[in-house]
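Working notes, beginning with the structure itself.
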Protein chains: 2
Amino acid sequence: MSSRDHSPARFPVAVDVVALTVRDDVLHVLLVTRLIEPFRGRLALPGGFVLPGEDLQEAAVRELAEETGVEKVSGHLEQLGSYGPGGRDPRGDVLAVAYLLLAPDFPVLSAGSDAEKAGWYPVSSILDDHGIRLAFDHEKILRDGLERARSKLEYSPLAAAFCGEEFTIAQLRAVYEAVWGLPLDARNFHRKATGTPGFLEETGKVTAGDTGRPAALYRLTAAARPEPGHPARAVLNPPLMRPVS
Amino acid sequence: MSSRDHSPARFPVAVDVVALTVRDDVLHVLLVTRLIEPFRGRLALPGGFVLPGEDLQEAAVRELAEETGVEKVSGHLEQLGSYGPGGRDPRGDVLAVAYLLLAPDFPVLSAGSDAEKAGWYPVSSILDDHGIRLAFDHEKILRDGLERARSKLEYSPLAAAFCGEEFTIAQLRAVYEAVWGLPLDARNFHRKATGTPGFLEETGKVTAGDTGRPAALYRLTAAARPEPGHPARAVLNPPLMRPVS
DNA sequence: TCCCTTTATTGTCAAGGTGACGATAAGTCG
DNA sequence: CGACTTATCGTCACCTTGACAATAAAGGGA
């Protein structure tokens, strides 16, 4: 820190959350419709200003709860990056700290306590050409979050963050296919997922009721489960690489 | 952003830079000695407060120049993460945005314009048990920066950011060994570095004067060179993994 | 000059991982 | 029961890696 600045400038600090989930085999992002200016009527990432005495991650969790009605979100939450403070809010300088949430599909309040409508939107409908334009610089933040998620799947057990506690290999593969936007060979994926030491363990249970042969249910190994405070361990070694094309 | 907050809280925003280099085959970090409270006399990462109208990365470059006397730093600069705002500065809430600089060895002013002494310190001397204690939460930031650098070497061409424009395979290998703290097999490394398409290209020149056989000089391919604004491309595919032990 | 030391570079080989894809297994549905 | 669907196991050629031998190209000293 500079020793010269007697009274440093102060900035409002906002947290914005890129919440991703896989719904019907399609990657979705959680967005709210803004009911006030600026960008009234536009879709935006959920978020809000950090309060005094609050930590960044606390603020992210609180804003997510306020705007989506979810008190206890399971899944994986990590910091994505910071943006600004200039050129991103017409009201003036605002520093934004973005967080990335990878979570199983959860219901959102159609009208949160902030009176903003929240809902899941397919990521492709936002990022495609001629997609819906987001407020602020949220499209860039979403792109950064998507790329972070894509690369993290390669070497970390984070794909399981999109699933519940127990899941089948096919469900896990559907996560990879939805996030990467690529088809994967079911047999090779099964070999890699079940063959990686310290990644998955069988629960002994199987699915029922669906069409086709029942699938075995797996859960993450204790070693692969994200610990509070610790980053997700690099369990997939060698990594599960994205196909080139 | 929350629609409810009419006058959001404002925080001072500091940028801190984890500047790493390889010097005499040892990883060093750039630190300054604080001459004022708090943490007077302690070593700290160079950094300072963001000024109004300034971007985060601009502030990082400016503070680095002010405290180390380097106007144009070559190498790779990327955002590392944000810390706080609570519990990291005894003067009160301060949000810190950390940046990571991977650079060739450059001289630092022994007394910068901020009158803080800057110098290179072996990373191990800071992070070892009984190492020198840094000011603020800078030890955690340094650890995060080190881990980021270590993992980035695996799949990106960023090791070359520690070298000059042209370098030998052995110099590049020395970077990996210094950052990872592990010995690598010179022959297998040579095969991987020269055999990866789109990574290195020969300059045709060779080193001279040293003991032993002269080494060929290489440079990064245009595709592997970091573009302004773009992240470092994932050129090493499959990656060059750290040995397990 | 010739040998020794040092560093760079090229090969070799076995083991393991991956992509492509055939073959079975175990359910549901008609 | 037979068709269909999904899950799981096997096979095989190819590629990459780790371990390590061998060769190349300098400088230094006897």
Side-chain angles (χ1 to χ4, degrees), chain A residues 24-25 153-155 163 166-178 180 182-219 234-245, chain B residues 24-25 153-155 163 166-178 180 182-219 234-245:
Chain A
D24 301 327
D25 296 342
L153 291 203
E154 293 190 340
Y155 53 88
C163 306
E166 301 180 349
F167 46 86
T168 69
I169 303 292
Q171 286 166 0
L172 193 65
R173 177 167 50 83
V175 168
Y176 277 86
E177 293 179 328
W180 285 349
L182 295 166
L184 298 178
D185 184 275
R187 299 157 290 190
N188 291 336
F189 183 88
H190 189 281
R191 178 181 58 194
K192 175 75 176 179
T194 58
T196 298
F199 183 25
L200 301 180
E201 64 187 12
E202 268 181 291
T203 65
K205 288 176 276 188
V206 296
T207 56
D210 281 332
T211 172
R213 173 176 174 177
L217 281 168
Y218 292 81
R219 76 170 76 87
V235 161
L236 295 175
N237 188 332
L240 175 55
M241 301 294 291
R242 280 179 265 190
V244 281
S245 177
Chain B
D24 300 327
D25 295 342
L153 290 203
E154 294 190 337
Y155 53 87
C163 305
E166 301 180 349
F167 46 87
T168 68
I169 303 292
Q171 286 166 0
L172 193 65
R173 176 168 49 84
V175 168
Y176 277 86
E177 293 179 327
W180 285 348
L182 295 166
L184 298 177
D185 184 276
R187 299 156 291 187
N188 292 336
F189 183 89
H190 189 280
R191 178 181 58 193
K192 176 74 175 178
T194 58
T196 298
F199 183 26
L200 301 180
E201 63 187 15
E202 269 182 290
T203 66
K205 287 175 276 185
V206 295
T207 56
D210 281 330
T211 171
R213 174 177 172 178
L217 281 167
Y218 292 81
R219 77 170 74 87
V235 161
L236 295 174
N237 189 330
L240 176 55
M241 301 294 291
R242 280 179 265 188
V244 281
S245 179

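So you know, we letter chains A, B, ... as the sequences are listed, proteins then strands, and number each from 1. The figures here come from the full heavy-atom set of this structure, side chains too, leaving out hydrogens, waters and symmetry mates.
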Regarding A208(A), tell me which of base, sugar-phosphate or nothing describes its non-hydrogen contacts under 4.0 Å with the strands shown.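 Since no nucleic acid heavy atom lies under 4.0 Å of A208(A), the category is nothing.
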
Let me know the distance between CG of L217(B) and C1' of dA8(C), rounded to the nearest Å.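 Between C1' of dA8(C) and CG of L217(B): 12 Å.
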
In whole Å, what is the span from the CZ atom of F167(B) to the C1' atom of dA8(C)?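 Going from CZ in F167(B) over to C1' in dA8(C) covers 16 Å.
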
Please compare A215(A) and N188(A) by the position of their nearest nucleotide in DNA chain D and report the one closer to 5'.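 It is A215(A), whose closest nucleotide lies nearer the 5' terminus.
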
Aromatic ring pairing Y218(B)/H190(B), orientation class (parallel under 30°, perpendicular over 60°, tilted between):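 Answer is perpendicular, since the angle exceeds 60°.
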
At their closest point, which heavy atom of [X] faces which heavy atom of [Y], and how far apart are they?
X       : Y       : result
W180(B) : L240(B) : CH2-O, 3.2 Å
A193(A) : L200(A) : O-CD1, 3.9 Å
L184(B) : R173(B) : O-CD, 4.1 Å

Expected output: side-chain T196(A) to main-chain L236(A) donor-acceptor under 3.5 Å: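 Checking the backbone N and O of L236(A) against the side chain of T196(A), no donor-acceptor pair under 3.5 Å is found.
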
So, does the side chain of R191(A) form a donor-acceptor pair with the base of dG19(C) at under 3.5 Å?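 Donor-acceptor pair under 3.5 Å: yes.
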
Would you tell me if any nitrogen or oxygen in the side chain of K192(B) comes within less than 4.0 Å of OP1 or OP2 on dT16(D)?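 Result: no.
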
Treating primed atoms plus P, OP1 and OP2 as sugar-phosphate and everything else as base, which nucleotides of nucleotides 22-30 of chain C get B, S or - for protein heavy atoms under 4.0 Å? B--BBBS--

